[in-house]
2 protein chains.
Amino acid sequence: MLRVDVIDQRIISRLVADARSSYAEIGKAVSLSAPAVKRRVDRLLETGVLRGFTAVVNPEALGWGTEAFVEVHCQGNVSPDRIRQRLEPLPEVVAAYTVSGAADAIVHLRAANIHHLEDALERLRAVDMVSRTVSTVVLSTLLERPPAPEPGQ
Amino acid sequence: MLRVDVIDQRIISRLVADARSSYAEIGKAVSLSAPAVKRRVDRLLETGVLRGFTAVVNPEALGWGTEAFVEVHCQGNVSPDRIRQRLEPLPEVVAAYTVSGAADAIVHLRAANIHHLEDALERLRAVDMVSRTVSTVVLSTLLERPPAPEPGQ
DNA sequence: TATGAAATTAGCCGGTA
DNA sequence: TACCGGCTAATTTCATA
(Lines give C-alpha, C1' and ligand atoms only; values in the text may rest on other atoms or scores of the structure.)
Protein backbone atom coordinates (compact mmCIF):
# COMPACT_ATOMS: atom_id res chain seq x y z
CA MET A 1 0.00 0.00 0.00
CA LEU A 2 2.93 2.29 0.50
CA ARG A 3 5.15 0.76 -2.14
CA VAL A 4 7.44 3.24 -3.88
CA ASP A 5 9.62 1.84 -6.66
CA VAL A 6 12.53 3.38 -8.52
CA ILE A 7 10.30 4.92 -11.18
CA ASP A 8 8.15 6.54 -8.49
CA GLN A 9 11.28 8.04 -6.97
CA ARG A 10 12.33 9.50 -10.29
CA ILE A 11 8.86 10.94 -10.81
CA ILE A 12 8.96 12.45 -7.32
CA SER A 13 12.38 13.95 -8.04
CA ARG A 14 11.00 15.63 -11.13
CA LEU A 15 7.96 16.97 -9.28
CA VAL A 16 10.08 18.26 -6.42
CA ALA A 17 12.27 20.09 -8.93
CA ASP A 18 9.25 21.49 -10.79
CA ALA A 19 5.76 20.66 -9.67
CA ARG A 20 4.24 22.28 -12.76
CA SER A 21 6.03 20.17 -15.36
CA SER A 22 3.64 18.20 -17.52
CA TYR A 23 3.02 14.48 -17.23
CA ALA A 24 4.19 14.09 -20.82
CA GLU A 25 7.51 15.71 -20.02
CA ILE A 26 8.00 13.59 -16.90
CA GLY A 27 6.99 10.51 -18.88
CA LYS A 28 9.67 11.22 -21.46
CA ALA A 29 12.27 11.25 -18.68
CA VAL A 30 11.12 7.99 -17.11
CA SER A 31 10.10 6.20 -20.32
CA LEU A 32 6.40 6.10 -19.52
CA SER A 33 3.33 7.50 -21.22
CA ALA A 34 1.65 10.58 -19.77
CA PRO A 35 -1.40 8.63 -18.53
CA ALA A 36 0.85 6.11 -16.82
CA VAL A 37 2.64 8.96 -15.02
CA LYS A 38 -0.69 10.44 -13.97
CA ARG A 39 -1.84 7.10 -12.58
CA ARG A 40 1.33 6.82 -10.51
CA VAL A 41 1.08 10.41 -9.26
CA ASP A 42 -2.56 9.87 -8.30
CA ARG A 43 -1.58 6.74 -6.41
CA LEU A 44 1.27 8.54 -4.64
CA LEU A 45 -1.17 11.26 -3.58
CA GLU A 46 -3.71 8.72 -2.39
CA THR A 47 -1.23 6.71 -0.33
CA GLY A 48 0.13 9.91 1.20
CA VAL A 49 3.64 9.62 -0.17
CA LEU A 50 2.98 12.93 -1.93
CA ARG A 51 1.13 15.44 0.23
CA GLY A 52 0.50 17.93 -2.56
CA PHE A 53 2.16 20.62 -4.62
CA THR A 54 3.13 24.07 -3.50
CA ALA A 55 4.80 27.28 -4.60
CA VAL A 56 8.12 28.15 -3.04
CA VAL A 57 7.91 31.79 -2.03
CA ASN A 58 10.73 34.11 -1.13
CA PRO A 59 9.83 35.10 2.44
CA GLU A 60 11.71 38.39 2.22
CA ALA A 61 9.85 39.43 -0.90
CA LEU A 62 6.59 39.04 0.98
CA GLY A 63 7.85 41.01 3.93
CA TRP A 64 8.75 38.04 6.15
CA GLY A 65 12.37 39.06 6.61
CA THR A 66 12.96 37.95 10.20
CA GLU A 67 12.91 34.46 11.61
CA ALA A 68 13.86 32.67 14.79
CA PHE A 69 13.98 29.26 16.40
CA VAL A 70 12.46 29.13 19.85
CA GLU A 71 12.95 26.42 22.45
CA VAL A 72 9.71 26.12 24.36
CA HIS A 73 9.68 24.74 27.88
CA CYS A 74 6.32 23.71 29.27
CA GLN A 75 5.10 23.31 32.81
CA GLY A 76 3.97 19.82 33.74
CA ASN A 77 3.09 17.08 31.29
CA VAL A 78 1.52 18.39 28.13
CA SER A 79 0.41 16.25 25.23
CA PRO A 80 1.85 17.06 21.80
CA ASP A 81 -1.65 17.51 20.46
CA ARG A 82 -2.44 20.22 23.00
CA ILE A 83 0.76 22.06 22.15
CA ARG A 84 -0.16 21.93 18.48
CA GLN A 85 -3.66 23.27 19.23
CA ARG A 86 -2.21 26.28 21.03
CA LEU A 87 0.45 27.02 18.40
CA GLU A 88 -1.78 26.65 15.37
CA PRO A 89 -3.59 30.00 15.82
CA LEU A 90 -0.30 31.94 15.83
CA PRO A 91 0.27 32.87 12.18
CA GLU A 92 3.99 33.47 12.75
CA VAL A 93 4.55 29.79 13.59
CA VAL A 94 5.70 28.10 10.39
CA ALA A 95 6.88 24.87 12.01
CA ALA A 96 6.89 23.22 15.41
CA TYR A 97 8.34 19.99 16.72
CA THR A 98 8.39 18.11 19.99
CA VAL A 99 11.94 17.22 20.85
CA SER A 100 14.12 15.22 23.15
CA GLY A 101 16.33 17.00 25.64
CA ALA A 102 15.72 19.89 27.99
CA ALA A 103 13.13 21.72 25.89
CA ASP A 104 9.67 20.35 25.13
CA ALA A 105 9.33 21.84 21.68
CA ILE A 106 11.15 23.80 19.02
CA VAL A 107 9.12 26.44 17.22
CA HIS A 108 10.15 28.07 13.97
CA LEU A 109 8.84 31.65 13.78
CA ARG A 110 8.68 33.99 10.80
CA ALA A 111 7.93 37.70 11.19
CA ALA A 112 8.10 40.91 9.22
CA ASN A 113 10.80 42.46 11.39
CA ILE A 114 12.33 42.39 14.84
CA HIS A 115 9.42 44.25 16.38
CA HIS A 116 6.92 41.87 14.87
CA LEU A 117 9.07 38.96 16.04
CA GLU A 118 9.10 40.36 19.56
CA ASP A 119 5.35 40.70 19.42
CA ALA A 120 4.93 37.12 18.22
CA LEU A 121 7.26 35.89 20.97
CA GLU A 122 5.18 37.69 23.54
CA ARG A 123 2.04 35.98 22.29
CA LEU A 124 3.88 32.65 22.29
CA ARG A 125 4.96 33.17 25.90
CA ALA A 126 1.40 34.11 26.81
CA VAL A 127 0.22 30.59 25.90
CA ASP A 128 -0.76 29.14 29.26
CA MET A 129 1.31 25.98 29.21
CA VAL A 130 4.52 27.77 28.24
CA SER A 131 6.83 28.35 31.19
CA ARG A 132 10.01 29.51 29.47
CA THR A 133 11.37 30.21 26.00
CA VAL A 134 14.86 30.45 24.58
CA SER A 135 15.05 32.30 21.28
CA THR A 136 17.69 32.11 18.60
CA VAL A 137 17.36 34.72 15.88
CA VAL A 138 18.32 33.69 12.35
CA LEU A 139 20.94 35.93 10.76
CA SER A 140 21.01 34.31 7.34
CA THR A 141 19.68 31.27 5.55
CA LEU A 142 22.57 29.16 4.32
CA LEU A 143 20.58 26.32 2.81
CA GLU A 144 17.00 25.16 2.39
CA ARG A 145 16.14 22.17 0.27
CA PRO A 146 13.80 19.19 0.11
CA PRO A 147 15.05 15.81 1.33
CA ALA A 148 16.56 13.65 -1.39
CA PRO A 149 14.09 11.18 -2.93
CA GLU A 150 15.93 8.18 -1.51
CA PRO A 151 17.67 8.02 1.86
CA GLY A 152 21.39 7.62 1.59
CA GLN A 153 21.16 4.63 3.91
CA MET B 1 10.53 45.83 -9.22
CA LEU B 2 9.36 43.88 -6.20
CA ARG B 3 5.85 45.23 -6.03
CA VAL B 4 3.29 42.65 -4.85
CA ASP B 5 -0.32 43.80 -4.77
CA VAL B 6 -3.36 42.19 -3.22
CA ILE B 7 -4.20 40.19 -6.34
CA ASP B 8 -0.65 38.85 -6.47
CA GLN B 9 -1.04 37.74 -2.87
CA ARG B 10 -4.22 35.90 -3.66
CA ILE B 11 -2.58 34.22 -6.66
CA ILE B 12 0.35 33.20 -4.47
CA SER B 13 -2.05 31.80 -1.87
CA ARG B 14 -3.68 29.65 -4.51
CA LEU B 15 -0.34 28.41 -5.85
CA VAL B 16 0.90 27.63 -2.35
CA ALA B 17 -2.25 25.61 -1.74
CA ASP B 18 -1.98 23.81 -5.08
CA ALA B 19 0.88 24.54 -7.42
CA ARG B 20 -0.68 22.46 -10.18
CA SER B 21 -3.95 24.35 -10.44
CA SER B 22 -4.48 25.91 -13.84
CA TYR B 23 -4.23 29.59 -14.66
CA ALA B 24 -7.88 29.55 -15.71
CA GLU B 25 -8.93 28.17 -12.34
CA ILE B 26 -6.86 30.73 -10.46
CA GLY B 27 -8.19 33.45 -12.72
CA LYS B 28 -11.74 32.52 -11.84
CA ALA B 29 -10.94 32.97 -8.16
CA VAL B 30 -9.31 36.37 -8.59
CA SER B 31 -11.53 37.65 -11.42
CA LEU B 32 -8.79 37.68 -14.03
CA SER B 33 -8.32 35.98 -17.39
CA ALA B 34 -5.90 33.08 -17.64
CA PRO B 35 -3.31 35.03 -19.67
CA ALA B 36 -3.42 37.82 -17.11
CA VAL B 37 -2.71 35.33 -14.35
CA LYS B 38 0.15 33.86 -16.35
CA ARG B 39 1.69 37.30 -16.86
CA ARG B 40 1.57 37.93 -13.13
CA VAL B 41 3.02 34.54 -12.26
CA ASP B 42 5.82 35.00 -14.81
CA ARG B 43 6.59 38.39 -13.31
CA LEU B 44 6.56 36.98 -9.76
CA LEU B 45 9.01 34.28 -10.88
CA GLU B 46 11.24 36.83 -12.61
CA THR B 47 11.38 39.20 -9.66
CA GLY B 48 12.13 36.30 -7.32
CA VAL B 49 8.98 36.60 -5.23
CA LEU B 50 8.17 33.07 -6.36
CA ARG B 51 11.19 30.77 -6.38
CA GLY B 52 9.46 27.88 -8.11
CA PHE B 53 7.04 25.02 -7.57
CA THR B 54 7.64 21.81 -5.72
CA ALA B 55 6.02 18.62 -4.52
CA VAL B 56 5.47 18.18 -0.79
CA VAL B 57 6.64 14.70 0.07
CA ASN B 58 5.92 12.73 3.19
CA PRO B 59 9.44 12.17 4.56
CA GLU B 60 8.42 9.03 6.45
CA ALA B 61 6.96 7.46 3.33
CA LEU B 62 10.31 7.86 1.63
CA GLY B 63 12.19 6.45 4.57
CA TRP B 64 13.31 9.73 6.12
CA GLY B 65 11.77 9.08 9.50
CA THR B 66 14.31 10.71 11.80
CA GLU B 67 15.25 14.34 12.08
CA ALA B 68 17.22 16.60 14.36
CA PHE B 69 18.23 20.20 14.89
CA VAL B 70 21.92 20.68 15.52
CA GLU B 71 23.57 23.76 16.98
CA VAL B 72 26.95 24.08 15.33
CA HIS B 73 29.78 25.91 17.07
CA CYS B 74 32.74 26.87 14.91
CA GLN B 75 36.31 27.68 15.80
CA GLY B 76 37.43 31.20 14.93
CA ASN B 77 35.72 33.50 12.49
CA VAL B 78 34.11 31.65 9.63
CA SER B 79 32.18 33.31 6.83
CA PRO B 80 28.61 32.15 6.24
CA ASP B 81 29.48 31.28 2.67
CA ARG B 82 32.22 28.90 3.79
CA ILE B 83 29.87 27.18 6.19
CA ARG B 84 27.34 26.78 3.39
CA GLN B 85 30.00 25.30 1.11
CA ARG B 86 30.90 22.66 3.68
CA LEU B 87 27.29 21.77 4.53
CA GLU B 88 26.01 21.56 0.98
CA PRO B 89 27.67 18.18 0.19
CA LEU B 90 25.96 16.49 3.16
CA PRO B 91 22.69 15.11 1.76
CA GLU B 92 21.13 14.85 5.22
CA VAL B 93 21.23 18.64 5.65
CA VAL B 94 17.83 19.97 4.61
CA ALA B 95 18.27 23.46 6.04
CA ALA B 96 20.95 25.55 7.70
CA TYR B 97 20.99 29.03 9.19
CA THR B 98 23.54 31.32 10.78
CA VAL B 99 22.19 32.56 14.08
CA SER B 100 22.72 34.99 16.88
CA GLY B 101 23.65 33.72 20.31
CA ALA B 102 26.13 31.13 21.48
CA ALA B 103 25.99 28.87 18.42
CA ASP B 104 27.21 29.89 14.98
CA ALA B 105 24.67 27.92 12.99
CA ILE B 106 21.59 25.75 13.28
CA VAL B 107 21.43 22.75 10.97
CA HIS B 108 18.28 20.78 10.25
CA LEU B 109 19.12 17.12 9.55
CA ARG B 110 16.92 14.39 8.10
CA ALA B 111 17.92 10.74 8.16
CA ALA B 112 16.41 7.31 7.64
CA ASN B 113 16.81 6.27 11.28
CA ILE B 114 18.81 6.91 14.41
CA HIS B 115 21.83 5.07 13.10
CA HIS B 116 21.80 7.04 9.89
CA LEU B 117 21.38 10.23 11.91
CA GLU B 118 24.36 9.34 14.06
CA ASP B 119 26.37 8.71 10.93
CA ALA B 120 25.36 12.06 9.45
CA LEU B 121 26.22 13.80 12.72
CA GLU B 122 29.64 12.23 12.66
CA ARG B 123 30.24 13.54 9.15
CA LEU B 124 28.99 16.95 10.23
CA ARG B 125 31.37 16.99 13.17
CA ALA B 126 34.20 15.94 10.86
CA VAL B 127 33.87 19.20 8.92
CA ASP B 128 37.11 21.01 9.77
CA MET B 129 35.65 24.28 11.04
CA VAL B 130 33.20 22.59 13.40
CA SER B 131 34.39 22.59 17.01
CA ARG B 132 31.27 21.43 18.85
CA THR B 133 27.68 20.36 18.14
CA VAL B 134 24.56 20.18 20.28
CA SER B 135 21.86 17.91 18.86
CA THR B 136 18.15 17.94 19.54
CA VAL B 137 16.28 14.96 18.13
CA VAL B 138 12.76 15.58 16.84
CA LEU B 139 10.14 13.37 18.45
CA SER B 140 7.17 14.51 16.40
CA THR B 141 6.21 17.18 13.93
CA LEU B 142 3.43 19.33 15.37
CA LEU B 143 3.09 21.76 12.52
CA GLU B 144 4.68 22.59 9.17
CA ARG B 145 3.22 25.20 6.90
CA PRO B 146 4.21 27.95 4.48
CA PRO B 147 4.26 31.53 5.75
CA ALA B 148 1.01 33.42 5.23
CA PRO B 149 0.95 35.51 2.04
CA GLU B 150 0.86 38.77 3.94
CA PRO B 151 2.64 39.49 7.21
CA GLY B 152 0.34 40.14 10.12
CA GLN B 153 2.14 43.39 10.75
C1' DT C 1 -10.17 38.20 -27.17
C1' DA C 2 -9.53 34.32 -30.35
C1' DT C 3 -7.03 30.47 -32.46
C1' DG C 4 -3.86 26.61 -33.15
C1' DA C 5 -1.03 23.64 -30.26
C1' DA C 6 -0.43 20.99 -26.25
C1' DA C 7 -1.89 18.72 -22.04
C1' DT C 8 -5.22 16.33 -19.32
C1' DT C 9 -8.25 12.66 -18.40
C1' DA C 10 -11.36 8.76 -18.81
C1' DG C 11 -12.33 4.53 -21.11
C1' DC C 12 -10.82 0.39 -23.24
C1' DC C 13 -7.68 -3.38 -24.36
C1' DG C 14 -3.55 -6.44 -23.86
C1' DG C 15 0.19 -8.63 -21.28
C1' DT C 16 1.83 -10.65 -16.95
C1' DA C 17 2.38 -12.41 -12.04
C1' DT D 1 -8.00 -12.09 -11.03
C1' DA D 2 -5.57 -7.98 -10.10
C1' DC D 3 -2.30 -4.89 -11.59
C1' DC D 4 0.10 -2.05 -14.76
C1' DG D 5 0.96 0.19 -19.04
C1' DG D 6 -0.18 1.86 -23.84
C1' DC D 7 -3.48 3.81 -26.92
C1' DT D 8 -7.28 6.79 -28.38
C1' DA D 9 -10.55 10.50 -28.20
C1' DA D 10 -13.08 14.27 -26.02
C1' DT D 11 -12.30 18.04 -23.39
C1' DT D 12 -9.71 21.50 -21.25
C1' DT D 13 -5.84 24.46 -20.94
C1' DC D 14 -1.97 26.95 -22.75
C1' DA D 15 0.55 30.48 -25.34
C1' DT D 16 0.64 32.69 -29.23
C1' DA D 17 -0.94 36.84 -31.90
Side-chain angles (χ1 to χ4, degrees), chain A residues 1-58 61-62 145-152, chain B residues 1-65 112 145-150:
Chain A
M1 189 189 182
L2 229 114
R3 190 98 203 92
V4 178
D5 64 15
V6 184
I7 296 178
D8 287 332
Q9 288 183 354
R10 290 172 64 193
I11 291 174
I12 292 170
S13 284
R14 292 263 157 179
L15 286 171
V16 165
D18 179 12
R20 283 187 74 87
S21 60
S22 71
Y23 294 141
E25 200 180 333
I26 297 169
K28 211 167 289 179
V30 302
S31 305
L32 243 58
S33 71
V37 173
K38 178 188 162 31
R39 275 192 288 265
R40 279 174 179 263
V41 173
D42 286 346
R43 184 172 53 78
L44 290 169
L45 285 167
E46 244 170 65
T47 55
V49 176
L50 283 177
R51 293 226 181 99
F53 306 99
T54 189
V56 182
V57 300
N58 182 345
L62 284 182
R145 61 184 179 192
E150 70 266 59
Chain B
M1 189 188 179
L2 230 112
R3 191 93 203 97
V4 178
D5 65 15
V6 184
I7 297 178
D8 286 333
Q9 288 182 354
R10 291 172 62 193
I11 291 174
I12 292 170
S13 286
R14 291 263 156 180
L15 287 171
V16 165
D18 179 13
R20 284 188 73 87
S21 61
S22 70
Y23 294 140
E25 201 179 331
I26 297 168
K28 211 168 290 179
V30 302
S31 304
L32 244 55
S33 71
V37 174
K38 178 185 161 33
R39 273 193 295 269
R40 280 174 179 264
V41 173
D42 286 347
R43 184 172 55 78
L44 290 169
L45 285 167
E46 244 170 64
T47 56
V49 176
L50 283 177
R51 293 227 180 99
F53 306 100
T54 190
V56 183
V57 300
N58 183 344
E60 288 194 33
L62 285 182
W64 294 94
R145 61 185 178 192
E150 70 266 55

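So that the names make sense, note that chain A is the first sequence line, chain B the second, and so on, each numbered from 1. Just so it is clear, the values below take in all heavy atoms, side chains as well, and ignore hydrogens, waters and symmetry mates.
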Minimum heavy-atom distance between B:Ala19 and A:Ala19, given as atom pair plus value: CB-CB, 4.3 Å

A:Arg10 side-chain N/O to A:Ala29 backbone N/O, donor-acceptor pair under 3.5 Å: yes

Heavy-atom protein contacts under 4.0 Å, nucleotides 2-17 of chain D, coded B base, S sugar-phosphate only, - none: ---BBBB----SSS--

Separation of atom CG in A:Asp42 from atom C1' in C:dG11, rounded to whole Å: 15 Å

Under 3.5 Å: donor-acceptor pair, side chain of B:Trp64, backbone of A:Ala148: yes

Any donor-acceptor pair under 3.5 Å from B:Asp8 side chain to B:Asp5 backbone: yes

All side chain to side chain donor-acceptor pair (under 3.5 Å) counterparts of B:Arg20, not counting sequence neighbours: none

